[in-house]
Amino acid sequence: MTELRQRAVREPDAPPEDKESETEAKVDGETASDSESRAEAAPLSASTDDTPEVLNRALSNLSSRWKNWWVRGILTLAMIAFFFIIIYLGPMVLMIIVMCVQIKCFHEIITIGYNVYHSYDLPWFRTLSWYFLLCVNYFFYGETVTDYFFTLVQREEPLRILSKYHRFISFTLYLIGFCMFVLSLVKKHYRLQFYMFGWTHVTLLIVVTQSHLVIHNLFEGMIWFIVPISCVICNDIMAYMFGFFFGRTPLIKLSPKKTWEGFIGGFFATVVFGLLLSYVMSGYRCFVCPVEYNNDTNSFTVDCEPSDLFRLQEYNIPEVIQSVIGLTTVWMYPFQIHSIALSTFASLIGPFGGFFASGFKRAFKIKDFANTIPGHGGIMDRFDCQYLMATFVNVYIASFIRGPNPSKLIQQFLTLRPDQQLHIFNTLRSHLADKGMLTVATEDE
């Protein structure tokens with residue numbers, strides 16, 4: 001046995017070709033295990049207590065559990081008050097706030113990547129990340145401007161040219177960033193640089209794309225913006241309250257403080273809240289009308305004749321429930337029925353956005369994305385569920401609510417050549433005549 005051990009020590013571990021390839025691999029880029037071990041060892045900014053000194057002094061006699069409860073409660077009320085203020089200021093301010101939130105969330109996620117890998121001295125990482133953010137925002141907001149401000153764009157020559165070649169310009173800008181990334185590749189960091197390239201693009205997909213959907217929801221009517229966001233906020237608050245006072249059974253290992261009691265209690269509270277909030281908001285045109293741009297006043301307008309979705313209708317109550325409440329019919333807005341779907345998603349599926357964020361933070365051994373809001377963490381900690389909710393609302397509207405928009409069709413029709421307009425007119429006239437609608441309209445005149 002001793003001879004075998006000595007022979008094994010003297011024998012080479014691998015042929016020269018394998019050793020050469022292994023050396024080359026280490027020169028060209030680090031192995032996955034090396035990258036992971038160094039990433040785990042890389043120091044991240046520690047989570048500090050950013051609670052205002054006034055609150056610290058006022059709550060100094062309380063236990064850490066109750067102190068955290070009061071800090072979270074007070075700052076939650078402050079954020080809700082701020083939410084009401086920006087709603088009052090109108091759609092344009094809301095869009096600006098969405099843009100600011102998007103930029104801050106992107107900054108928090110990219111900063112985590114930079115803090116993990118800054119010891120590698122990767123060239124142009126942050127510069128390229130922000131450049132790609134600029135490119136993607138130019139593309140999405142350019143699409144939005146062309147779609148919702150079509151008349152204004154066609155009226156101004158520079159905007160019309162930018163609109164016509166918008167996608168080509170966007171693609172060119174992205175190609176510039178792509179070429180810059182290729183030129184920045186360093187031989188010893190190839191694999192890690194591609195990791196971070198993917199990191200940036202996944203962040204753009206999660207943050208920028210979904211914040212763009214938030215703005216699209218806003219243009220459908222402020223009620224499609226306010227109700228979903230409020231349902232997520234309500235579920236977050238009520239799940240915390242039920243979990244704080246009644247929580248006993250852990251829900252998921254990713255978030256040890258989450259409990260089944262909070263999860264279930266938050267669900268029922270959110271559904272009731274969604275029904276009540278929808279009933280109140282459905283009676284106001286400023287909330288239910290689509291946000292449109294008025295070319296005469298150069299401003300946004302939210303005035304329209306409410307659709308059937310926001311008109312009270314009588315519904316028959318199932319016989320099983322009639323015996324309990326003693327009513328046979330109930331008057332409701334149809335939107336309230338849709339609000340049940342929204343609140344259900346916000347309370348049952350929405351929290352998985354938070355669980356996803358918790359897993360991400362645990363992977364990098366951090367408590368919060370940032371320390372922007374005392375007791376709450378960073379902006380991304382507050383919007384991890386909101387982005388998932390925004391995507392669902394956009395898909396829900398496209399699948400069950402939205403129909404053809406006559407005003408957009410007319411705008412597109414007016415930009416066609418005269419011969420194309422005449423062809424569409426003749427086709428439409430023949431179609432209406434075949435249905436008998438054109439003759440009736442002529443006789444009425």
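Remember, it's a predicted structure, so these values are computed and weren't measured experimentally.
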Disulfide (SG to SG under 2.5 Å) involving Cys289 - partner list, sequence neighbours excluded: Cys304

Listed once per pair and sorted, the salt bridge (Lys or Arg N to Asp or Glu O under 4.0 Å) pairs that draw on residues 204-213, sequence neighbours left out: none

Set of side-chain hydrogen bond (donor to acceptor under 3.5 Å, both in side chains) partners for Tyr174, sequence neighbours left out: His201

Working for side-chain contact (heavy atoms from CB on, under 4.5 Å), residues Leu204 and Thr209: CA-CA 7 Å; Leu204 292 171; Thr209 304; over 6 Å; no

N/O donor-acceptor pair under 3.5 Å between Arg362 side chain and Leu254 backbone: yes

Side-chain touch Phe345/Val232, heavy atoms, less than 4.5 angstrom: no

Euclidean distance, Ser170 OG relative to Phe140 CZ, rounded to 0.5 Å: 10.0 Å

For the student: nearest non-hydrogen atoms of Pro250 and Trp260, plus distance: O-CD1, 3.3 Å

Show every donor-acceptor pair shorter than 3.5 Å between a side-chain atom in residues 392-401 and any protein atom, with sequence neighbours excluded, or say none if there are none.
from, atom 1, to, atom 2, distance (Å)
Asn394, ND2, Asn217, OD1, 3.3
Tyr396, OH, His338, ND1, 2.6
Ser399, OG, Val395, O, 2.8

Partners meeting salt bridge (charged side-chain N to carboxylate O under 4.0 Å, His left out) with Glu314 (sequence neighbours left out): none

Nearest-0.5 Å distance that lies between atom CG in Asp303 and atom CZ in Arg285: 6.0 Å

Mutual orientation of the aromatic rings belonging to Phe106 and Trp130 [parallel < 30°, tilted 30-60°, perpendicular > 60°]: perpendicular

Main-chain N/O of Ile176 paired with Tyr131 side-chain donor or acceptor, under 3.5 Å: no

Side-chain heavy-atom pair Met222, Val291 within 4.5 angstrom cut-off: yes

side-chain contact (heavy atoms from CB on, under 4.5 Å) involving Ser347 - partner list, sequence neighbours excluded: Asn235, Phe267, Thr270

Output field: ring centroids Phe171/Phe178 closer than 6.0 Å: no

From Thr144, Asn137, Val98, residue fulfilling side-chain contact (heavy atoms from CB on, under 4.5 Å) relative to His212: Thr144

Closest non-hydrogen atom pair, Met389 against Leu342: CE-O, 3.2 Å

Distance-minimising heavy-atom pair for Gln193 and Ser184: NE2-O, 3.0 Å

Polar side-chain atom of Ser343 near backbone of Ile340 as donor-acceptor pair, under 3.5 Å: yes

Aromatic centroids of Phe125 and Trp199 separated by under 6.0 Å: no

Distance-minimising heavy-atom pair for Gly266 and Phe242: N-CD1, 4.1 Å

Distance (rounded to the nearest 0.5 Å) between Leu162 CG and Ile169 CD1: 5.0 Å

Any residue meeting salt bridge (charged side-chain N to carboxylate O under 4.0 Å, His left out) with Glu261, in chain and number order, not counting sequence neighbours: none

Quiz: residues 378-386 side-chain donor-acceptor pairs under 3.5 angstrom, not counting sequence neighbours:
from, atom 1, to, atom 2, distance (Å)
Asp381, OD1, Lys361, NZ, 2.6
Asp381, OD2, Phe369, N, 2.9
Asp381, OD2, Gly378, N, 2.7
Arg382, NH1, Asp236, OD2, 2.6
Gln386, NE2, Ile229, O, 3.3

Note, Val214 side chain near Gln102 side chain (heavy atom, < 4.5 Å): no

Table please: side-chain donor-acceptor pairs of residues 350-358 below 3.5 Å, with sequence neighbours left out.
from, atom 1, to, atom 2, distance (Å)
Ser358, OG, Ser255, OG, 3.0
Ser358, OG, Gly354, O, 3.0

Residue list, side-chain hydrogen bond (donor to acceptor under 3.5 Å, both in side chains) with Ser163, at least two apart or on another chain: Thr146

Ring center gap for Phe310 and Tyr333 short of 6.0 angstrom: no

Contact summary for Ser339 and Leu275, nearest pair of heavy atoms: OG-CD2, 3.9 Å

Gln313 side chain vs Met332 backbone, donor-acceptor pair below 3.5 Å: no

Residues which pass salt bridge (charged side-chain N to carboxylate O under 4.0 Å, His left out) with Arg417, listed by chain and number, not counting sequence neighbours: Asp419

Shortest non-hydrogen contact between Leu213 and Ala390, atoms and distance: CB-O, 4.3 Å

side-chain contact (heavy atoms from CB on, under 4.5 Å) between Met79 and Ile233, intermediate numbers included: CA-CA 10 Å; Met79 287 188 289; Ile233 295 173; over 6 Å; no

Under 3.5 Å side-chain donor-acceptor pair for Gln210 and Thr391: yes

With sequence neighbours excluded, residues passing salt bridge (charged side-chain N to carboxylate O under 4.0 Å, His left out) with Arg167: Glu143

Candidate pair Phe287 and Val280, rule side-chain contact (heavy atoms from CB on, under 4.5 Å), full reasoning: CA-CA 10 Å; Phe287 293 131; Val280 173; over 6 Å; no

Euclidean distance, Ile112 CD1 relative to His107 NE2, rounded to 0.5 Å: 10.5 Å

Atom pair CD1/CD1 of Ile97 and Ile86 - distance to nearest 0.5 Å: 5.0 Å

Ring centroid separation Phe364 to Phe360 under 6.0 Å: yes

Ring pair (Phe, Tyr, Trp, His ring centres under 6.0 Å), paired with Phe181, selected from Phe194, Phe132, Trp124: Phe194

Worked verdict on Thr200 versus Leu128 for side-chain contact (heavy atoms from CB on, under 4.5 Å): CA-CA 9 Å; Thr200 300; Leu128 285 174; over 6 Å; no

